[in-house]
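What follows is a single structure, written as structure tokens, with notes after it.
Just so you know, ligand 1 is whichever comes first in the structure, and atom 1 is the first atom listed for that ligand.
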Amino acid sequence: MIPKKGMIKVSDVWERIIHWWLAATCLLLIVTGLGMMFHSFNFLAAPVGGLKNLKLIHNFTGLLFIPALFFAVLTWWKEAGIFKFPEDLEWVKVAGGYLWHVDNPPETGRYNPGQKAFFLAVAGFGGLMVISGLIMWFPLSLPRILVAWMYPLHAMGLLVIFPFFFIHLYLGTIGVPGSAPAIFTGYVTRSWCEKQCPKWLKEKEKEGTLEVFGEEKKAAHGGHH
Ligand code: HEM
């Protein structure tokens, strides 16, 4: 997957590192968590020498998940954490044109409300997983009833994040073809961008900050004389 001339840069190296750090820790947490939760998944403990080790891996991966989540929220909050009106509401009304045919789906910013919902679910429920996980691991001398509540809350968080992950995986690969390069090389085709983030594309072009593969970076003001 080497970018071709004319492709458009939609993510920088920092965003891609954060994405894969978050994704890797999140997936490992899901797999190790399921391995502990259900008898039918207990076999996942065999390669690591038993459930005790699986739990250790889960807990320490949780610690690595914390900075990933923190940086993800810092990095994407502005573009994926805040709904913009009216375009986002208009997009929701037609489900972005994903579920039934829509001639011209409303143009949204860099991330559409579906992606914003996923980001917010990861941020909110990810935060819940961190807090509830830490309290279960280190109950200190917190009230017993509070500690007891962390178990169902932790399980509930999984029920939100897990299905969202499949939707994300599907849309990021086969659902919206051409998306995956955004998170591997950082460059997508212009036609992908015109469909997925037309408003962002127009703004970047107007500002003169769009980075195109194989073309010299244009100065934000003026250019050459
Ligand atoms: C393992 C398979 C995964 C693939 C193929 C994948 C693919 C992608 C792609 C293509 C984008 C960019 C979309 C765009 O620029 O429009 C993206 C963004 C993002 N991904 Fe993933 N991803 C994966 C796993 C994960 C996991 C496990 C998480 C979270 C725990 C995650 C969280 C995010 C977030 C927060 C964004 C920012 C934009 C948004 O909310 O959609 N990804 N991913």
- Task: Find all atoms of ligand 1 within a distance of less than 4.0 Å from any non-hydrogen atom belonging to Phe119, and give their numbers and elements.
- Result: 40 (O)
- Message: Against Arg110, only a single residue in Gln115, Glu79, Gln196, Glu203 fulfils side chain to side chain donor-acceptor pair (under 3.5 Å); can you say which?
- Response: Glu79
- Query: Hey, does Ala72 sit under 4.0 Å from ligand 1 if you only count heavy atoms?
  - Reply: no
- Query: Any idea how many protein N, O or S atoms are nearer than 2.8 Å to atom 21 (Fe) of ligand 1?
  - Reply: 2
- Is the shortest distance from a heavy atom of Ser179 to ligand 1 less than 4.0 Å? yes
- Message: Under a 3.5 Å cutoff, is there a donor and acceptor pairing between the side chains of Trp76 and Glu15?
- Response: yes
- Message: Hydrophobic clustering (ILVMFWY, side-chain heavy atoms < 4.5 Å, transitive) - are Ile183 and Leu169 grouped together?
- Response: no
- Can you tell me the protein heavy atom closest to atom 4 (C) of ligand 1 and the distance? Trp20 CH2, 3.8 Å
- Against heavy atoms of Ala180, which atoms of ligand 1 measure under 4.0 Å? 10 (C)
- Task: With side chain to side chain contact (heavy atoms under 4.5 Å, CB included) as the test, would you mind laying out the steps for Arg190 and Met7 before giving the verdict?
- Result: CA-CA 6 Å; Arg190 184 174 278 271; Met7 284 176 95; over 6 Å; no
- Query: Does Trp192 approach ligand 1 within less than 4.0 angstrom via side chain, backbone, both or neither, non-hydrogen atoms only?
  - Reply: side chain
- Query: Can you check side chain to side chain contact (heavy atoms under 4.5 Å, CB included) on Val122 and Leu69, steps first, answer last?
  - Reply: CA-CA 8 Å; Val122 171; Leu69 188 65; 4.0 Å; yes
- Query: Do the rings of Trp14 and Phe71 sit parallel, tilted or perpendicular, given the 30° and 60° boundaries?
  - Reply: perpendicular
- Query: With a cut-off of 4.0 Å, which atoms of ligand 1 are near a heavy atom of Cys26?
  - Reply: 30 (C)
- Are Leu158 and Met156 connected, step by step, through hydrophobic side chains (Ile, Leu, Val, Met, Phe, Trp, Tyr) whose heavy atoms are closer than 4.5 Å? yes
